Each structure stands twice: as C-alpha cells, then as structure tokens.
Amino acid sequence: MDPVTVSVNDFDHGHYAALDPFFRIIEEGLAGFVDGRHFFDLLAEDVVFEYVISVPGYPRRVEGRRAVAELYGGYGSTMILRSADALAVHRDREASVIVLEYAVHGQAVRTGRAYDNHFVSVITIEDRKVTHWRDYLDPVAVFDAIGWPAP
C-alpha cells in the first residue's frame with residue numbers, strides 16, 4: 001500500500017500561529033539542507049521525533065509527520081511565542097546531521113508569565129528531508145512560565 005502523503009497544505013496554518021517564530025528559526029537553520037517551504041514540508045512522512053529532555057506529560061517519542069503536526073497543534077493553548085533568536089548551526093557532513101541551537105521567547109497563556117527557553121535540536125537529514133529529530137530543552141523555563149509547581 002502506498003503511504004498517504006501529507007503536505008503543508010493539509011494543515012491549517014492559523015492553528016499553528018503560536019509556533020511561527022519556532023518554525024521560522026528552524027527553516028532558517030536548515031535552509032539549503034532540506035527541501036520545503038514550511039516547517040512541516042521539511043519533515044519526511046515517517047520522521048521520528050524524540051524529546052530527550054522535556055517536561056512531564058509530554059511524549060518521549062512521536063513517529064510520523066502527521067503525528068508531529070497533531071502534537072504541535074495544541075501548543076497555542078499553553079504558550080504563545082513572540083520571537084526566536086540566538087541561532088547557531090553545526091553540521092556533520094559525513095553523518096548528515098545538523099545541530100541547531102536556538103532560543104524562543106513568548107508568554108504562557110494561563111499565567112501571562114514570560115517564557116524564554118533554549119533548545120538544542122539534533123537533526124538527521126536524508127534525501128533533503130528531516131528523518132530524525134532529538135530535542136533538548138530547559139524544563140525549568142517551562143515550569144517557571146506555567147507556574148508549576150503552584151506555591
């Protein structure tokens with residue numbers, strides 16, 4: 001059976017507006033290494049995301065572009081990103097791996113507190129598509145923004 005192809009056109013862009021700064025900095029960091037116009041188009045259909053350092057309740061592993069899109073669809077109910085910066089791109093040509101370091105800035109929806117986090121994403125590319133993504137973040141930054149644990 002042929003796999004179902006998922007295109008960025010299959011996704012409601014407004015549904016992901018809270019993540020636009022993240023999408024833009026990733027697209028900038030991967031420019032020239034992958035094909036696609038939008039974040040989801042950069043991903044292989046069978047991409048695997050692993051959240052190595054994350055927060056309680058977040059999945060440790062997600063498989064498939066559609067599953068990643070579904071996971072990110074709810075982001076705006078928790079955080080709204082305003083900007084992203086501090087991009088550093090490191091490439092291992094022999095292993096087809098790119099490491100992106102970057103920061104995102106925004107606000108937690110429920111508390112209104114500032115959200116500033118730093119990430120390291122280890123990305124494997126095959127045939128000009130992202131096939132594997134390992135993500136590391138500062139969970140304390142998330143806890144501070146969402147007010148967890150409550151005083």
Side-chain angles (χ1 to χ4, degrees), residues 3-90 98-125 128-151:
V4 176
T5 300
V6 181
S7 167
V8 70
N9 296 327
D10 294 335
F11 303 114
D12 174 7
H13 294 267
H15 190 61
Y16 302 97
L19 281 166
D20 276 346
F22 163 74
F23 292 150
R24 299 298 85 80
I25 204 155
I26 297 304
E27 291 160 4
E28 178 184 343
L30 295 179
F33 302 115
V34 293
D35 293 330
R37 291 185 11 229
H38 186 275
F39 175 79
F40 295 117
D41 281 339
L42 309 179
L43 308 179
E45 292 290 334
D46 59 350
V47 67
V48 173
F49 272 61
E50 293 182 278
Y51 301 95
V52 180
I53 298 179
S54 190
V55 294
Y58 209 73
R60 301 296 267 164
R61 181 181 173 96
V62 176
E63 295 184 28
R65 179 170 30 176
R66 184 169 296 281
V68 172
E70 288 172 4
L71 176 65
Y72 287 3
Y75 192 85
S77 64
T78 304
M79 298 283 186
I80 305 292
L81 298 183
R82 305 272 186 249
S83 63
D85 57 21
L87 178 64
V89 179
H90 312 279
I98 295 176
V99 176
L100 300 180
E101 298 179 68
Y102 52 96
V104 298
H105 313 282
Q107 186 175 18
V109 172
R110 188 178 56 77
T111 65
R113 292 181 182 170
Y115 174 60
D116 297 289
N117 208 334
H118 296 270
F119 292 79
V120 175
S121 298
V122 181
I123 301 164
T124 303
I125 296 171
R128 300 193 56 80
K129 293 291 183 188
V130 174
T131 58
H132 194 249
W133 184 298
R134 287 189 320 271
D135 215 34
Y136 301 80
L137 64 82
D138 176 3
V140 175
V142 177
F143 301 154
D144 287 347
I146 65 173
W148 185 84

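Predicted, not measured: the structure shown is a model, and the values here were computed from it.
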A.B. asks: Answer yes or no: is there a donor N or O on one side and an acceptor on the other, between the side chain of His105 and the main chain of Ala84, under 3.5 Å?
C.D. replies: no
A.B. asks: Looking at side-chain heavy atoms only, is the closest gap between Met79 and Tyr115 below 4.5 Å?
C.D. replies: yes
A.B. asks: Please check if the distance between the ring centroids of Phe40 and Tyr16 is under 6.0 Å.
C.D. replies: yes
A.B. asks: Decide side chain to side chain contact (heavy atoms under 4.5 Å, CB included) for Val52 and Asp135; before the verdict, give the C-alpha distance in whole Å, the side-chain angles of both, and the deciding distance to 0.1 Å.
C.D. replies: CA-CA 6 Å; Val52 180; Asp135 215 34; over 6 Å; no
A.B. asks: Between atom CG of Leu30 and atom CD1 of Ile125, what is the distance when rounded to the nearest 0.5 Å?
C.D. replies: 5.0 Å
A.B. asks: Would you call Leu19 and Leu81 a side-chain contact if the rule is heavy atoms closer than 4.5 Å?
C.D. replies: yes
A.B. asks: I'd like to know if the side chain of Gln107 and the backbone of Gly112 have a donor-acceptor N/O pair within less than 3.5 Å.
C.D. replies: yes
A.B. asks: Please find the pair of heavy atoms, one from Ala18 and one from Pro21, that lie closest to each other, and give the distance.
C.D. replies: O-CD, 4.2 Å
A.B. asks: Without swapping roles, check the side chain of Thr111 against the backbone of Gly147 for a donor-acceptor pair under 3.5 Å.
C.D. replies: no
A.B. asks: May I ask you to decide if Asp35's main-chain N or O and Lys129's side chain share a donor-acceptor pair within less than 3.5 Å?
C.D. replies: yes
A.B. asks: Check the angle between the aromatic planes of Phe39 and Trp133 and answer parallel, tilted or perpendicular using the 30° and 60° thresholds.
C.D. replies: perpendicular
A.B. asks: Of the non-hydrogen atoms in Gly36 and Leu42, which two are nearest, and what is the gap between them?
C.D. replies: O-CD2, 3.6 Å
A.B. asks: List for me each residue that meets side chain to side chain donor-acceptor pair (under 3.5 Å) alongside Arg61, sequence neighbours excluded, and say none if there are none.
C.D. replies: Glu63
A.B. asks: Could you pull out all residues at least two apart from Tyr51 that satisfy side chain to side chain donor-acceptor pair (under 3.5 Å)?
C.D. replies: Tyr72
A.B. asks: Would you call Val130 and Val47 a side-chain contact if the rule is heavy atoms closer than 4.5 Å?
C.D. replies: yes
A.B. asks: Would you check if Tyr75 and Ile80 make a side-chain contact, meaning some heavy-atom pair closer than 4.5 Å?
C.D. replies: no
A.B. asks: Where do Val62 and Ala67 come nearest, in terms of heavy atoms and distance?
C.D. replies: CG1-CB, 3.5 Å
A.B. asks: Please lay out, stage by stage, how Leu100 and Val120 fare under the test side chain to side chain contact (heavy atoms under 4.5 Å, CB included).
C.D. replies: CA-CA 6 Å; Leu100 300 180; Val120 175; over 6 Å; no
A.B. asks: I'd like to check Ser121 versus Val99 (side-chain heavy atoms, cut-off strictly below 4.5 Å). Are they in contact?
C.D. replies: no
A.B. asks: Measure across Ala114 and Ala145 and return the closest heavy-atom pair with its distance rounded to 0.1 Å.
C.D. replies: O-CB, 3.5 Å
A.B. asks: Distance check, rounded to the nearest 0.5 Å: Leu87 atom CG versus Glu28 atom CD?
C.D. replies: 5.0 Å
A.B. asks: I would like to know whether Asp41 and Arg65 meet side chain to side chain contact (heavy atoms under 4.5 Å, CB included); could you show each step before the answer?
C.D. replies: CA-CA 9 Å; Asp41 281 339; Arg65 179 170 30 176; 3.6 Å; yes
A.B. asks: Distance from Ser83 atom OG to Asp20 atom CG, nearest 0.5 Å?
C.D. replies: 12.5 Å
A.B. asks: Please list, chain by chain and in numerical order, all residues satisfying salt bridge (charged side-chain N to carboxylate O under 4.0 Å, His left out) with Asp85, sequence neighbours excluded.
C.D. replies: none
A.B. asks: Assess whether side chain to side chain contact (heavy atoms under 4.5 Å, CB included) is satisfied between Glu70 and Val68, documenting all intermediate values.
C.D. replies: CA-CA 5 Å; Glu70 288 172 4; Val68 172; over 6 Å; no
A.B. asks: Working to the nearest 0.5 angstrom, can you tell me the gap between Leu43 CG and His38 NE2?
C.D. replies: 10.0 Å
A.B. asks: With Phe119 as reference, evaluate Ile25, Val104, Ile26 under the side-chain contact (heavy atoms from CB on, under 4.5 Å) test and give the passing residue.
C.D. replies: Val104
A.B. asks: Ignoring hydrogens and geometry, is there a side-chain-to-backbone donor-acceptor pair from Tyr58 to Ile53 under 3.5 Å?
C.D. replies: no
A.B. asks: Hey, what do you get for NE2 (His132) to CD (Glu50), rounding to the nearest 0.5 Å?
C.D. replies: 3.5 Å
A.B. asks: Kindly indicate whether the side chain of His118, heavy atoms from C-beta on, has any atom under 4.5 Å from the side chain of Asp138.
C.D. replies: no
A.B. asks: Please name the pair of heavy atoms, one in Ala44 and one in Thr131, separated by the smallest distance, quoted to 0.1 Å.
C.D. replies: CB-CG2, 4.1 Å
